[in-house]
Structures are given as C-alpha cells and as structure tokens.
Amino acid sequence: METKTLILPESFYNRDTVNVARELIGKVLIRKIGGQVLSGRIVETEAYIAEHDPACHAYSGKTKRNEVMFGPPGFAYVYFTYGMHYCLNFVTEPDGVAAAVLIRALEPLEGIEIMKSNRNQEDIKNLCSGPAKLTQAMEIDRSINGIKLNGSDIVVRESSFNDFQVGISTRIGINKGVEFPYRFYQKKSPFLSRREK
DNA sequence: TAATGGATGTTCT
DNA sequence: GAACATCCATTAT
C-alpha cells in the first residue's frame, strides 16, 4: 500500500503557477496561533506571474514590498492594501522567478468560534469569503510575510474530500491583465468571494 | 440583487 | 499625488 504525503512539499509549489493555483483548490489551510488551530478548505485562488502579467505586483521589478515573490517557492507573501486589508499568497516557481497564488476564499473547518470573534460576524459563509476576510479571520498580517509554509504558523495539507469540480474565470478586482483566466474555484461552494452566476 | 462611495495607509511615480 | 489583487453600509431597482 502506497502511503500518501499529507503535507504539501516544496516541490508542489516549485511548478507552473497556474497549475499550482488550480491544484490548491480543495487543500486545507491550517493557521496555528497561540495554541489554537484555525483551518479551512481552499475554495478560491488566483495566479499572479510577473513575467507576462501586468496585474502582478512584481511585474515592474523587485521592490521592498514584493521581494518575497522573487525568492524560493513554498513561502508566504502577505501584502497590505486599501489602507486596512491584508492578503495571503503562496510563492511559486523557482528562486529568482517572481510568481504567487492569492488565496481568495476558504470554507471554515476548525476554530470557527474564534473566527466569528475575529470577524465580529456570526454567519459562517461570511467568515473567509474574500482575500481580506480570511486574513482577518485567521489573524494573518505583515508578521507572516516571508515565513516558510509548513512551519509553526501556517501548514497546507491534502484533504480526503476531493469530490468536486473546479471552475475557471478571469480575476477579480484588477484593471490590468484582465483577460487571463487565472482564477480557480470550487464549483457550487457557498463560501466563494462571489456567487456563481 | 445591483450599484455606489467612503474608510484608510502604504507604495510607487 | 495617484493607485491599490477590498470590504461594508447605504441607496436604488
């Protein structure tokens, strides 16, 4: 009997970013903080690739803000935007290649009461249904930027439930690179940042 | 259900 | 000075 690796290895991220974004759908994000465990299924992602993608933060070269994207795969890139929000990405592709996957929505699994408190929100469908909502629910901020995945703060693992379809669309909230079909989501999930049409 | 505009601060031009 | 990988409350349909 073949044993299955539960935690996604660095090699999972050291690949084409679009494939990583698609295959992250259904995986489980685990946030460990203060002895507590918060977790959720990834139901929505987007790929950002500096080489040809003007919507990518690293498209115009390396800066203090985006330097983590230029580093090795399997690290967290967290940025601050719109004056009040944080967003979580996983760095992909080899060291020196700037690309990442934005985590846009989760289906809450563990620590739901803590997430409700963090979000001041009782509706489970409104805890992690957006990139800035899930960082608020999971207490992710600038201190997470540049940390290695699968360490003491954030772990990503396989899920035993894989009976779902993956939808593809253009990305949300951007003005450049709008034509790329780089958004992936679990079809029929009630926990997406936008309802399916 | 859809469209609008305000909140808020960091980064880049 | 402008833009920004967003969210929320308010208003209109």
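Letters A, B, ... are given to chains in the order of the sequence lines, protein chains preceding strands, and every chain is numbered from 1.
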So [X], base contact, sugar-phosphate only, or nothing? Heavy-atom distance under 4.0 Å.
| X | answer |
| --- | --- |
| A:F80 | sugar-phosphate |
| A:L102 | base |
| A:A132 | sugar-phosphate |
| A:R183 | nothing |

Practice item. Give, for atom CD1 of A:I114 and atom CD of A:E139, the distance between the pair rounded to the nearest 0.5 Å. Key: 7.5 Å

Revision key, fill the gap. Outer limits of DNA chain C sitting under 4.0 Å from a non-hydrogen atom of chain A, read 5' to 3', are C:dC4 to C:dC8

Modelled atom types, side-chain donor and acceptor of [X] and [Y], under 3.5 Å:
| X | Y | value |
| --- | --- | --- |
| A:N145 | A:R142 | no |
| A:S11 | A:N14 | no |
| A:R41 | A:Q186 | yes |

Review point. For the rings on A:H52 and A:Y59, is their centre-to-centre separation under 6.0 Å?
Key: no

Give the rounded distance in Å between these two atoms: [atom1] of [X] and [atom2] of [N].
| X | N | atom1 | atom2 | result |
| --- | --- | --- | --- | --- |
| A:N145 | B:dT10 | CG | P | 15 Å |
| A:Q136 | B:dT8 | CD | P | 14 Å |
| A:Y77 | B:dT10 | OH | C1' | 11 Å |
| A:R194 | B:dT1 | CZ | C1' | 14 Å |
| A:R65 | B:dT13 | CZ | P | 11 Å |
| A:R142 | B:dT11 | CZ | C1' | 11 Å |

Exercise for review: Before giving the answer on salt bridge (Lys or Arg N to Asp or Glu O under 4.0 Å), spell out for A:R104 and A:E46 the whole-Å C-alpha distance, their side-chain angles and the decisive distance to 0.1 Å.
Suggested key: CA-CA 7 Å; A:R104 286 195 57 91; A:E46 286 177 358; 3.7 Å; yes

Exercise for review: Please determine if A:R194 and A:E44 form a salt bridge, counting it only when a charged side-chain N lies under 4.0 Å from a carboxylate O.
Suggested key: no

Check your understanding: Mind checking whether A:E110 and A:L38 have side chains closer than 4.5 Å, heavy atoms only?
Key -> no

Check your understanding: Mapping A:G173 and A:Q121 onto DNA chain C by nearest heavy atom, which one lands closer to the 5' end?
Key -> A:G173

Revision key, fill the gap. Whichever of A:N175 and A:S129 has the more 5' nearest nucleotide on DNA chain C, that residue is A:N175

Practice item. Would you tell me if any nitrogen or oxygen in the side chain of A:T63 comes within less than 4.0 Å of OP1 or OP2 on B:dC12? Key: yes

Point to revise | Plane angle bin for A:Y79 and A:Y77 - parallel if under 30°, tilted between 30 and 60°, otherwise perpendicular | key: tilted

Study note, to complete from the structure: Stem ranges of DNA chain B by first residue number, counting only runs of at least 3 Watson-Crick or G-U pairs under 3.5 Å, come to B:1-7 with C:6-12, B:9-12 with C:1-4

